[in-house]
Amino acid sequence: MPELPEVQTIKEYLSEKLVGEQIKNVVIKDERPIKGVSSEEFKETIKSKQVKEIFRRGKLLVFKLEEKLFLAIHLRINGILILSEKEERFARVIFDFGKNRLLNLCDSRVFAQVQLVSDWRKIPIVEKMGPEPLEMEKEEFAALFKGKKAKIKPLLMDQHFLAGIGNIYAQEAVFCAGINPESRANAIEPQRLEKLYQCLISILKKAISVGGSSVDVYLRPDGTKGRYESFLKVYQRNGQACFKCNSQIKRIVSGGRGTCFCPKCQK
DNA sequence: AATGGGACCTGCGCGC
DNA sequence: TGCGCGCAGGTCCCAT
C-alpha cells in the first residue's frame, strides 16, 4: 500500500528524473482514474507542460506544472508509478516524456485517482488533512491525542487526524510502542505516547531510507522492490511468532481493517 | 462526535 | 487441473 514512505520514495525518485522535463503526450488507457475533467481536456491541458516541482502531502503526490496548474495523483490501495521504456501491466494512464521515458500509472483495481487543479491546497482531501508526522515535535504530537476517545490504531490511520499513515505503519508503530491497537487514545500515558512518537518517526524514516515496503504490488518507480518488508514486525504476520516474546501474533479487525498485534507485548 | 458498514474494483489465494 | 468464492484496503458516503 502506498503510504507516506512509499509516496515519499516515489516523490524523491521522480523529482530527480522528471523535474524540468516536458510531458510530450498522455495516453489514457482507462478514463476511470481521471476525475473532474474529460479525458480529452485532461490530455490537452497537460500536453507540452513542463514539470516544475514534485512534492508530497500525506499520501498525495503533486506535480506542479504551472503557477496555477497542478497534477495530483492519489495511488490509494494498489496504484503504482513506473518510469520505464514500455507500457507496463495494468497501465491506466501513461505520461510520455519522450526519449523512451514513459511514466505508467498502473493500478489493477482502478482506485487510484488523478486530477488537475489550479490550487492543490483546495483539494478537499488536502483541506481536511491532519499534520505531517515528520514535521512535528513530540509535544505537538502528544497534544493531538488530548480528549480523543477513539481507538489508537484506527486514529493513527485517520487522515484528518494525522497525514500519511496507513494500515502497515499504524500496526508497526503501535507494536513498537507496546500499545494495544484498541487502546483508547486518551487512556494512554504520556510517556507511552512519547514512545509512540519516537517509534512512528523512526519507522517512517527507516522505511523511506530503504524505499518503502513492497507488500502486495508496490514497487519503486524504477521497478525495484522496497526493502522495508524485512523489517515488518507484525503486519501480515498473523499466527507467526512475535519477534520480541515468541508468543503468537494475533489478527483482529479494528476500525474495519485487518490488524495484527502481539497480545502479550501490546497491553 | 464517533463509529460502523457498504461501495468502489479486481487479482489472487484458497478450498474443493 | 480447474473452478468459484471471498479477501484485501484508502477514501468517501451514509446511517446510527
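Per chain, numbering begins at 1; letters A, B, ... match sequence-line order.
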Quiz item: In terms of heavy-atom contacts, does NZ of K244(A) have more than 12 from other residues, nucleotides or ligands at under 6.0 Å?
Solution: yes
Self-check item: Ring geometry between Y197(A) and F141(A) (parallel below 30°, tilted from 30 to 60°, perpendicular above 60°)
Solution: tilted
Quiz item: Hey, where does DNA chain C pair up into stems, meaning at least three consecutive Watson-Crick or G-U pairs with distances under 3.5 Å?
Solution: B:2-16 with C:2-16
Quiz item: Under the salt bridge (charged side-chain N to carboxylate O under 4.0 Å, His left out) test, which residues partner K86(A), sequence neighbours left out?
Solution: E88(A)
Quiz item: Can you name the salt bridge (charged side-chain N to carboxylate O under 4.0 Å, His left out) partners of R251(A), sequence neighbours left out?
Solution: none
Quiz item: Would the number of heavy atoms belonging to other residues, nucleotides or ligands and lying under 6.0 Å from CD of E189(A) be above 12?
Solution: yes
Quiz item: Listed by chain and number, what are the disulfide (SG to SG under 2.5 Å) partners of C260(A), not counting sequence neighbours?
Solution: none
Practice problem: Kindly point out which of dT11(C), dA8(C), dG9(C) is positioned nearest to the side chain of Q159(A)? | Solution: dT11(C)
Self-check item: Between dG9(C) (C1') and E6(A) (CD): distance, integer Å
Solution: 13 Å
Between the protein and nucleotides 13-16 of chain C, which nitrogen or oxygen pairs are less than 3.5 angstrom apart?
none

Self-check item: Of all pairs that satisfy side chain to side chain donor-acceptor pair (under 3.5 Å), the ones with a partner from residues 159-171 of chain A, not counting sequence neighbours
Solution: E6(A)-Y169(A), K153(A)-N167(A), N167(A)-Q171(A), Y169(A)-S213(A)
Exercise. Take the protein atom CZ of F111(A) and the nucleotide atom P of dT11(C), then report the distance between them rounded to whole Å.
Key: 12 Å
Practice problem: Report yes or no: is the cationic atom of R237(A) (NZ for Lys, CZ for Arg) under 6.0 Å from the centre of the six-membered ring of F243(A), at an angle within 45° of the ring normal? | Solution: yes
Practice problem: Could you name each residue pair satisfying disulfide bond (SG atoms under 2.5 Å apart) that touches residues 70-145 of chain A, not counting sequence neighbours? | Solution: none
Quiz item: Whole Å only: how far is the CD atom of Q113(A) from the P atom of dT11(C)?
Solution: 10 Å
Quiz item: What is the distance, rounded to the nearest whole Å, between atom NZ of K153(A) and atom C1' of dG10(C)?
Solution: 12 Å
Quiz item: Over how many whole Å does the gap from I80(A) atom CD1 to dG9(C) atom C1' extend?
Solution: 16 Å
Quiz prompt | Distance flag, aromatic centroids of Y228(A) and Y218(A), threshold under 6.0 Å | solution = no
Quiz item: Residues sharing V234(A)'s hydrophobic cluster, by side-chain heavy-atom contacts under 4.5 Å among ILVMFWY, directly or via others?
Solution: F175(A), I249(A)
Practice problem: Under 4.0 Å between any heavy atoms, over every strand shown, what does Y218(A) touch: base, sugar-phosphate, or nothing? Just pick one. | Solution: nothing
Practice problem: Go through residues 143-152 of chain A and report each residue with a non-hydrogen atom lying under 4.0 Å from DNA chain B, sorted by number. | Solution: K149(A), A150(A), K151(A)
Exercise. Return the residues of residues 160-171 of chain A meeting this criterion: a heavy atom under 4.0 Å from some atom of DNA chain C. Order them by number, or give none.
Key: N167(A)
Quiz item: Can you check the I77(A) CD1 to dT11(C) P distance for me, whole Å?
Solution: 9 Å
Quiz prompt | Trace of the ring pair (Phe, Tyr, Trp, His ring centres under 6.0 Å) decision for F161(A) with F145(A) | solution = CA-CA 9 Å; F161(A) 177 77; F145(A) 296 87; 5.1 Å; yes
Practice problem: Give every residue pair that meets the side chain to side chain donor-acceptor pair (under 3.5 Å) criterion with at least one member in residues 56-66 of chain A, sequence neighbours excluded. | Solution: Q8(A)-R56(A), R56(A)-E132(A), R57(A)-E132(A), K64(A)-E67(A)
Practice problem: Can you check whether any acceptor in the base of dA8(C) is under 3.5 Å from a donor in the side chain of R257(A), or vice versa? | Solution: no
Practice problem: Classify the nucleic acid contact of I125(A) as base, sugar-phosphate or nothing, counting any heavy atom under 4.0 Å across all strands shown. | Solution: sugar-phosphate
Quiz item: Could you give the CZ-to-P distance, from R56(A) to dG10(C), as a whole number of Å?
Solution: 16 Å
Quiz item: Between M157(A) (CE) and dG9(C) (P), how many Å, whole number?
Solution: 8 Å
Practice problem: Name the first nucleotide and the last nucleotide along DNA chain B (5' to 3') that come under 4.0 Å of a heavy atom in chain A. | Solution: dT3(B) to dC12(B)
Quiz item: Within the pair H74(A) and dG10(C), is there a side-chain N or O less than 4.0 Å away from OP1 or OP2?
Solution: no
